[in-house]
Asks: 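Have a look at this one before I ask anything.
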Amino acid sequence: MATEKRLFWLQLKNTYFNQLSQKKMRKQPQGLEMQVIYLRMMLLSLDNKGYIFYQGVYDSIEEELAEEFNEPLELVKQTIDFLIENKMVTTEHEHEADSLFIPEALECTGSESASAKRVREYRERKAL
């Protein structure tokens, strides 16, 4: 039997960019680019309950994320440093492999299985 696919999404409040942490990030040199990297990091972490794991392909997790996002390495490092300093991301060392944990990603994550989607769509059609 095939494994049921679960869909995840990132749900942001309409006041997301009014948060002090987001305003502070935006004021940094290349702040808008940093915000995009942070949002991409949150999306990347959805399938892993808020974690981004170092895969060991490059020399560091920053290099892997720079390659993943097609962004300059220095900008990714600057973003991660800012996120750690402002407690938006934590680093963890498990089995000698670095990982990043993004608590906000957990708070903003929603999910739906394929069967739940079918039932919801069925109910919507039936209501019409």
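FYI, the numbering just counts along the sequence from 1.
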Asks: How long is the gap from CZ on Phe17 to CD on Gln22, to the nearest 0.5 Å?
Replies: 6.0 Å
Asks: How close do Gly50 and Ala105 get, heavy atom to heavy atom, and via which atoms?
Replies: CA-CB, 4.3 Å
Asks: Quick one: do Ile84 and Thr90 satisfy side-chain contact (heavy atoms from CB on, under 4.5 Å)? Show the steps, please.
Replies: CA-CA 6 Å; Ile84 291 170; Thr90 60; over 6 Å; no
Asks: To check you understand the geometry: which heavy-atom pair defines the closest contact between Phe69 and Arg40, and what is its length?
Replies: O-NH1, 3.1 Å
Asks: Please check if Ile80 and Leu73 belong to a single hydrophobic cluster, counting links between Ile, Leu, Val, Met, Phe, Trp and Tyr side chain heavy atoms closer than 4.5 Å.
Replies: no
Asks: Same cluster for Met41 and Leu75 if Ile/Leu/Val/Met/Phe/Trp/Tyr side chains link at under 4.5 Å?
Replies: yes
Asks: Does some side-chain heavy atom of Glu104 sit less than 4.5 Å from a side-chain heavy atom of Tyr16?
Replies: yes
Asks: Can you name the closest pair of heavy atoms from Asn18 and Lys23 and give their distance?
Replies: O-CE, 3.4 Å
Asks: Is there a path of hydrophobic side-chain contacts, each under 4.5 Å between heavy atoms of I/L/V/M/F/W/Y residues, joining Val36 to Ile61?
Replies: no
Asks: To the nearest 0.5 Å, tell me how far Ser60 OG sits from Tyr54 OH.
Replies: 6.5 Å
Asks: CG/Leu100 to CG/Leu65 distance, rounded to the nearest 0.5 angstrom?
Replies: 6.5 Å
Asks: Is there a path of hydrophobic side-chain contacts, each under 4.5 Å between heavy atoms of I/L/V/M/F/W/Y residues, joining Leu12 to Tyr38?
Replies: yes
Asks: Rounded to the nearest 0.5 Å, what separation is found between the OG1 atom of Thr79 and the CD atom of Gln28?
Replies: 9.5 Å
Asks: Can you see which heavy atom on Ser21 is nearest to which on Phe82, and at what distance?
Replies: O-CZ, 4.1 Å
Asks: Would you please test Lys24 and Asn86 for side chain to side chain donor-acceptor pair (under 3.5 Å) and show each step?
Replies: CA-CA 10 Å; Lys24 183 178 179 182; Asn86 290 278; 2.8 Å; yes
Asks: Tell me, please, which residues at least two apart from Phe101 pass ring-ring contact (aromatic ring centres under 6.0 Å, His included).
Replies: Tyr51
Asks: Assess whether side-chain contact (heavy atoms from CB on, under 4.5 Å) is satisfied between Val57 and Glu64, documenting all intermediate values.
Replies: CA-CA 7 Å; Val57 177; Glu64 290 183 355; 3.8 Å; yes
Asks: When rounded to the nearest 0.5 angstrom, what distance separates CD in Gln19 from CE in Met25?
Replies: 9.5 Å
Asks: Is there a side-chain contact between Met34 and Ile37 in this structure, where contact means two heavy atoms from C-beta onward sitting under 4.5 Å apart?
Replies: no
Asks: Nearest 0.5 angstrom please: Ile52 CD1 to Leu44 CG, how far?
Replies: 4.5 Å
